[in-house]
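Have a look at the structure below, then the notes.
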Amino acid sequence: MTDTPTADRPAPDPLLAGLRDLAEPAPTTLTDRVVDGWVRAPSPLGEVYAVAGAGGVRLLRTAAHAGDLEVFLEEYRTRHGRPVRPATRPPRGLLPALRGTGGPPELDLTDVGDFARQVLAATARIPAGQVRPYGWVAREAGHPKAVRAVGTALARNPVPLLIPCHRVVRGDGGLGQYLSGAGDKATLLAGEGLDLDRVADLAAAGTRLIGSDTTGVVCFPSCHHARRITDAHRRGFASLDRARAAGYRPCRDCRP
DNA sequence: GAGTCGGCAGTCT
DNA sequence: CAGACTGCCGACT
């Protein structure tokens with residue numbers, strides 16, 4: 001992120017916003033000079049807008065959800081109380097992350113509360129193409145009963161796609177809601193290779209976990225271990241209690 | 001399967 | 001500041 005406001009002139013609309021930001025009180029210290037910058041970038045959900053500061057990406061929204069760029073920038077200003085100008089280039093790692101070919105870029109979550117940060121951290125550990133229930137995230141975040149609060153925290157995820165809150169689904173097998181619409185959640189998961197028809201079938205059958213009768217281990221159905229179980233040895237369970245009663249123990253990777 | 005209510009963090013009043 | 005309200009849920013009628 002450089003601080004040359006004239007480089008890479010943006011489209012007219014953003015320019016007006018940029019000028020408005022320049023009208024803010026001049027920064028006095030060196031750190032104040034680090035002005036956050038916004039960029040547009042492609043994603044599986046179409047164009048996204050993102051803002052990053054020196055500490056990393058702070059806010060990301062799909063263009064479709066944000067409505068338009070000015071609304072997005074206004075959300076950023078009110079959330080962080082900082083001006084934002086067009087950036088000359090996207091933050092390192094953002095484009096590969098949005099393509100699904102790399103880990104997340106540096107993220108700046110300093111303005112996120114403690115609980116929410118734990119929730120986001122747990123969510124970030126869910127591998128691509130897999131899903132976990134809200135209750136699982138609550139437990140991993142250290143607040144096993146705060147299931148609904150997890151939903152609230154994810155609804156306020158400042159960096160969707162980068163922290164994959166679309167991989168958090170309902171315990172009954174439904175996909176649940178999503179920031180920019182349930183349809184986007186399905187699109188993202190299908191794009192990561194999750195078989196949504198199979199998810200729906202398992203939900204309808206009441207199958208929450210899948211075990212192997214050769215290893216005696218149960219997993220969430222999308223866990224990569226579960227996907228390797230051959231038909232002859234696959235066994236479904238409605239709950240972890242049921243699986244335990246049958247002599248199975250939870251997978252150490254997906255921790256059902 | 002729809003309705004109800006518990007539980008909890010954040011926000012509003 | 002306390003209490004009410006709300007929300008990408010879940011367990012139990």
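Just so it is clear: chains get the letters A, B, ... in the order the sequence lines come, proteins before strands, and each one is counted from 1. Worth saying up front: this structure is predicted, and the values here are computed from it rather than measured.
- To the nearest 0.5 angstrom, I126(A) atom CD1 is 9.0 Å from H166(A) atom NE2.
- Across all strands shown, H143(A) has heavy atoms under 4.0 Å from sugar-phosphate atoms exclusively, and none from any base.
- Y178(A) has its OH atom 18 Å from the C1' atom of dC9(C), to the nearest Å.
- In this structure, the CH2 atom of W136(A) is 16 Å from the P atom of dA11(C), given to the nearest Å.
- Side-chain polar atoms of D241(A) and S239(A) form no donor-acceptor pair below 3.5 angstrom.
- Rounding to whole angstrom units, CG of residue L240(A) and P of dG10(C) are separated by 15 Å.
- Nucleotides of DNA chain B nearest to R156(A) and K145(A) differ in position, and the one nearer the 5' end is that of K145(A).
- Ion pair R132(A)/E140(A) not flagged as a salt bridge, since none of the NZ, NE, NH1 or NH2 atoms sits closer than 4.0 Å to an Asp/Glu carboxylate oxygen.
- Note: CD (Q118(A)) to C1' (dG10(B)) measures 16 Å, nearest angstrom.
- Here dC5(B) sits opposite dG10(C) as a Watson-Crick or G-U wobble pair (both hydrogen-bonding atom distances under 3.5 Å).
- Using N1 to N3 plus N6-O4 or O6-N4 for Watson-Crick, or N1-O2 and O6-N3 for G-U wobble, each under 3.5 Å, dT13(B) pairs with dA2(C).
- When the nearest nucleotides of DNA chain B are assigned to R148(A) and A116(A) by heavy-atom distance, the more 5′-ward of the two goes with R148(A).
- Using a 4.0 Å cut-off between a side-chain N of Lys or Arg and a carboxylate O of Asp or Glu, R79(A) and D111(A) do not qualify as a salt bridge.
- Rounding to whole angstrom units, CZ of residue R139(A) and P of dC8(B) are separated by 17 Å.
- Remark: P of dC8(C) and CG of L120(A) are 15 Å apart, rounded to the nearest angstrom.
- Residue contacts for A155(A): at a heavy-atom cut-off of 4.0 Å it reaches a base atom on one of the strands shown.
- If you take CG of N157(A) and C1' of dC9(C), they are 17 Å apart, rounded to a whole angstrom.
- Rounded to a whole Å, the CZ atom of R170(A) is 16 Å from the P atom of dC12(C).
- The aromatic rings of F115(A) and H143(A) sit perpendicular to each other, their planes meeting at more than 60°, with 30° as the lower class boundary.
- Proximity note for L179(A) (side chain, C-beta onward) versus dG7(C), dC9(C), dC8(C): the nearest is dC8(C).
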